[in-house]
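Structure record follows, encoded as structure tokens.
Residue numbers begin at 1 in each chain, while the letters A, B, ... track the order of the sequences. This one's a predicted model, so the numbers in the text were calculated from it and none came from an experiment.
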Protein chains: 2
Amino acid sequence: MATIYEVSKAAGVSLATVSRVINGNARVSERTKEKVHKAMAELGYKPNAIAQSLASNRSNSVGLLVSELHGSFFGDMMSSIESMLRDAGKHVVITAGHSEAEKEKQAIEFLISRRCDALILNAEAVSEEYLKSLLDNNIEIILINRNIESLQERCIVLDNQLGGYLATKAAIEQGHRNIAYISGPHFKEDAQQRLAGHKQALEEAGISFDSSLCFEGGYHESEGQDGFNALFKQNNTFTALICANDEMASGAMTAAREHGLSIPNELSIIGFDNVLFARYLYPKLTTVDNPIAKMGEMAANWVLSNIYNTKTSTPINHLFKPELIIRDSLGALHAD
Amino acid sequence: MATIYEVSKAAGVSLATVSRVINGNARVSERTKEKVHKAMAELGYKPNAIAQSLASNRSNSVGLLVSELHGSFFGDMMSSIESMLRDAGKHVVITAGHSEAEKEKQAIEFLISRRCDALILNAEAVSEEYLKSLLDNNIEIILINRNIESLQERCIVLDNQLGGYLATKAAIEQGHRNIAYISGPHFKEDAQQRLAGHKQALEEAGISFDSSLCFEGGYHESEGQDGFNALFKQNNTFTALICANDEMASGAMTAAREHGLSIPNELSIIGFDNVLFARYLYPKLTTVDNPIAKMGEMAANWVLSNIYNTKTSTPINHLFKPELIIRDSLGALHAD
DNA sequence: ACTATAAATGTAAGCGCTTACATAATTAAA
DNA sequence: TTTAATTATGTAAGCGCTTACATTTATAGT
């Protein structure tokens, strides 16, 4: 693999000049520019990004930490961030934290060790202190889906409570009073907030929260099934079931059907996130839209304008509002 | 950020010694080892991976190219590769190629410029020559889902034709004779092969292939819908529909239902891939299992044993056989 | 105690770039 | 022309590590 030195020799100029034409950040006469380009082409020269990073202390890459590499939600997030950044000529280094503090730290440290210019973090398990310590060490971070009071301007979050509220309220407006809830894992902020929204809507309607109608899942399909089964066994009077994400909603739907319930006639189900497959479920899932792709873009924008100064600073929206998407899985309560 | 130099000063030893304790690849006395560890801890020292790579010409990271960052299929693939490699202390740098030759090249070159020790490629658009040229330049690559005659030992593929064959044969065995097919994009190898398998099964049963029963989609849900609609309008005599992946199958199911067809009574549908959500569709999707996670692990294993010599070489399986997963969306043809 | 060996540590030359600074070439002004 | 101001190019010192080689120190054998 050819080095800059070989190029400089072939072009009959100095290292510095070659570097200048590579980076285009200093004036070089047209004539030598051509010579250098020719030499690079002939040698098939590709700059060694590692050496560039070491010398310049910039890597043109941004780190992205997600909880998982699979799943519609994270997929959309990675996708939107990557395409926006790539369009700007930046590269994304993705790692997974698996919602475990230790693994998240490891992943973040990997990104730092690779000298990413900025980190976009969907960090769920790591402590607030740790995140702040990163800033103290001059690591540029922006958080998606996590709200830290003192780091407001670096947080991009969804109003999860509002989302939970909207879902439950929609059920109430259809006449439901016995409403079950399958929550995400309580250690996750978003799960807590969505549940809080649920309770808020219940309270507003004068319905008291019944913990036997609430199941804690882990955001996976199978836990939607488990959740339904557990709830149904324990207290099968509910006519609506709110799930903290679409995956669990689809699992719950499947389980409900196995119990012979027809949706939405006998049981209404509402999801959360509005992932792509929600509209391909049967019945089509009524859910709360989570504009994760937009949030990802916003984070990418933030990096572009704050780190690379490459964007006529788009005003950054730090708090996104979810919307209810009405489809077929929520029905009016029949007075039977 | 502390450097190795500061550590060496704090510990009262030379740079080289610090480097030795970091890498653990040369003998250092217990006493100095301790001194160095203490100094590192006190300074909060983290090796600069960039500098390490430059000096050692190894990066301990492997590059992964996938077509998209979203979607169940790629999600499973990324996930299995990452977790296996991470367990071995290696890191994965993921990029997306978006099935476009130019973007795939760019992505691969990025990975090379980051000096990844090996590349795991799910390259769909880039030419065979290009891939071979990488090897000529001593880039260690292993291909997933792509079969190149002369690179057999670096290819890990699924027997897609067998998969297509199994799906169609299953329909035939249930008495279906009018079988429609929604294919993936023809420029993709796997799509072609699956279709070939379909044709093979047809031929074996003495059914002639009818191109008006075949629609070319792009592997997305919406194209499953479009496909069904187009086929149905044109020639609605088919009683079974084979789709080249589960996403399109779910789209087709939705569209079929909108036309009032009941599945599987009036129309049987079979998918391909057996992604997680296939079992949460209604009816549960009969499909062909694509062991992508295992294939990913196999690729990771290959890297571990061939590049890092870190694995008691697991025998590498280069050709995976798919299996039919029977669920509810395929039914026997009613003699009505 | 005295070598011969082995073990531990140090020295210094890179790895392939960027960039401040110095120098040379060009252009414009007088 | 000369000189000053610009513009283009070169020189060389790093960036933070690894590693061949040299040197020193410890261990064992006699």
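A salt bridge is defined here as a Lys NZ or Arg NE, NH1 or NH2 lying under 4.0 Å from an Asp or Glu carboxylate O, and B/Arg154 with B/Glu140 meets this definition. Looking at B/Lys33 and B/Glu30, a side-chain N of the basic residue comes within less than 4.0 Å of a carboxylate O on the acidic one, giving a salt bridge.
Of the possible donor and acceptor atoms, one in the side chain of A/His318 sits under 3.5 Å from a partner among the backbone N and O of A/Cys155.
For A/Asn57 and C/dT18, the shortest distance from a side-chain N or O to OP1 or OP2 is not below 4.0 Å. At least one side-chain nitrogen or oxygen of A/Thr32 sits closer than 4.0 Å to the OP1 or OP2 atom of D/dT9. Put simply, B/Asn23 has a side-chain N or O that comes within less than 4.0 Å of OP1 or OP2 on D/dT18. Checking the phosphate oxygens (OP1, OP2) of D/dT19, no side-chain nitrogen or oxygen of B/Ser56 falls inside 4.0 Å. For D/dC17, the OP1/OP2 oxygens have a side-chain nitrogen or oxygen of B/Tyr45 closer than 4.0 Å. Look at B/Ser19 and you won't find any side-chain N or O under 4.0 angstrom from OP1 or OP2 of D/dC17. The phosphate of D/dT9 has neither OP1 nor OP2 within less than 4.0 Å of any side-chain N or O from A/Thr17. Taking only side-chain nitrogens and oxygens, B/Thr3 never comes nearer than 4.0 Å to OP1 or OP2 of D/dC15.
Comparing D/dA20, C/dT18, D/dG10 by their nearest atom to the side chain of B/Arg20 picks out D/dA20. Closest to the B/Gln52 side chain, of the nucleotides D/dT18, C/dA8, C/dG16, is D/dT18.
Toward the 5' end of DNA chain C, the nearer of the two residues B/Arg115 and B/Ser14, judged by each one's closest nucleotide, is B/Ser14.
Taking the ring axis of A/Tyr219 as reference, the NZ or CZ atom of A/Lys188 does not stay both within 45° of it and closer than 6.0 Å to the ring centre.
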